[in-house]
S.K.: 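The structure under discussion is supplied below as structure tokens; questions concerning it will follow.
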Amino acid sequence: MRLEVIGDAIPQALASEPGDAARGRSIVVNRDAGACTLCHAVPGEQASGNIAPTLAGVGAKLSPPQLRLRVADSTRVSPNTPMPAYYRTEGLTQVAAPYRGKAILSAQQVEDVVAYLATLKEPQ
């Protein structure tokens, strides 16, 4: 899973099918999938975290290629982030044996999350 990073973005989609915002929202709010609400406030969700930036308005601040990098491997933008690398598998050291070499999200799921985040234009 080599990521083609240019600047602070991954310009090319990781999957051949366009992302689906409804599926992406489901991944973001599902604590068994993306679990984003553990740390981020998510518009429309009551049970959200507050230790990471809110996702409200993120689609106005960042382009889809910038969002893609942050979801796929946020350590490329912020090396000390506690946010997991949802698509990177190499170079990770604290991974339980059954999960080694496996991405948290598939390429299509990353694209779905990016499609959803891109819709979040309004600050809360």
S.K.: What pair of heavy atoms forms the shortest contact from Ile104 to Gln109, and how long is it?
M.R.: O-OE1, 4.2 Å
S.K.: Would you check if the side chain of Arg100 reaches a backbone N or O of Val95 as a donor-acceptor pair within less than 3.5 Å?
M.R.: yes
S.K.: For the pair Asp20 (side chain) and Asp112 (backbone), establish whether a donor and an acceptor sit closer than 3.5 Å, ignoring hydrogens and angles.
M.R.: no
S.K.: What's the spacing between Asp8 CG and Ser63 OG if we round to 0.5 Å?
M.R.: 7.0 Å
S.K.: Looking only at non-hydrogen atoms, find the nearest pair between Ala9 and Gln66 and report the distance.
M.R.: CB-N, 3.8 Å
S.K.: Nearest 0.5 Å, what's the CG-CD1 distance between Leu69 and Ile6?
M.R.: 11.0 Å
S.K.: If hydrophobic clusters are built by linking Ile, Leu, Val, Met, Phe, Trp and Tyr wherever their side-chain heavy atoms come under 4.5 Å apart, do Leu92 and Tyr99 end up in the same one?
M.R.: yes
S.K.: Given the rule in the side chain to side chain contact (heavy atoms under 4.5 Å, CB included) test, do Tyr116 and Val29 qualify, once you have shown the distances and angles that lead to the verdict?
M.R.: CA-CA 11 Å; Tyr116 169 63; Val29 301; 5.5 Å; no
S.K.: Do you know the tightest heavy-atom contact between Pro84 and Ser74?
M.R.: O-OG, 4.1 Å
S.K.: So, Lys61 side chain and Gly57 main chain: donor-acceptor pair closer than 3.5 Å or not?
M.R.: no
S.K.: Might you point out which heavy atoms bring Asp73 and Ala85 nearest each other, and give the distance in Å?
M.R.: OD1-CB, 3.7 Å
S.K.: Of all heavy-atom pairs between Pro64 and Ala118, which one has the smallest distance, and what is that distance?
M.R.: CG-CB, 4.3 Å
S.K.: Any side-chain heavy-atom pair from Glu45 and Val28 closer than 4.5 angstrom?
M.R.: no
S.K.: For Ala103 and Tyr87, which heavy atoms make the closest approach, and how far apart are they?
M.R.: CB-O, 3.8 Å
S.K.: Are Pro18 and Glu111 close enough that some pair of their side-chain heavy atoms sits under 4.5 Å apart?
M.R.: no
S.K.: Please check this pair: side chain of Tyr86 against backbone of Val110, looking for a donor-acceptor N/O pair closer than 3.5 Å.
M.R.: no
S.K.: In sequence, state the C-alpha distance, the side-chain angles, and the governing distance for Gln108 and Glu17, and then conclude on side chain to side chain contact (heavy atoms under 4.5 Å, CB included).
M.R.: CA-CA 7 Å; Gln108 186 60 56; Glu17 190 178 312; 3.2 Å; yes
S.K.: To the closest 0.5 Å, what do you measure between CD1 (Ile10) and CG (Leu67)?
M.R.: 11.0 Å
S.K.: Check the pair Val71 / Leu117 against side chain to side chain contact (heavy atoms under 4.5 Å, CB included), numbers first and verdict last.
M.R.: CA-CA 10 Å; Val71 173; Leu117 296 175; 3.9 Å; yes
S.K.: Looking at Ala60, is its backbone amide N or carbonyl O close enough to the side chain of Lys121 to form a donor-acceptor pair, meaning the two atoms are under 3.5 Å apart?
M.R.: no
S.K.: Looking just at side-chain N and O atoms, do Thr75 and Arg88 make a donor-acceptor pair shorter than 3.5 Å?
M.R.: yes
S.K.: Quick check: do Leu14 and Leu3 have side-chain heavy atoms less than 4.5 Å from each other?
M.R.: yes
S.K.: Hey, could you give me the CG/SG distance between Leu38 and Cys36, rounded to the nearest 0.5 Å?
M.R.: 8.5 Å
S.K.: Within this structure, what is the CG-CG distance for the pair Leu62 and Leu120, rounded to the nearest 0.5 Å?
M.R.: 11.0 Å
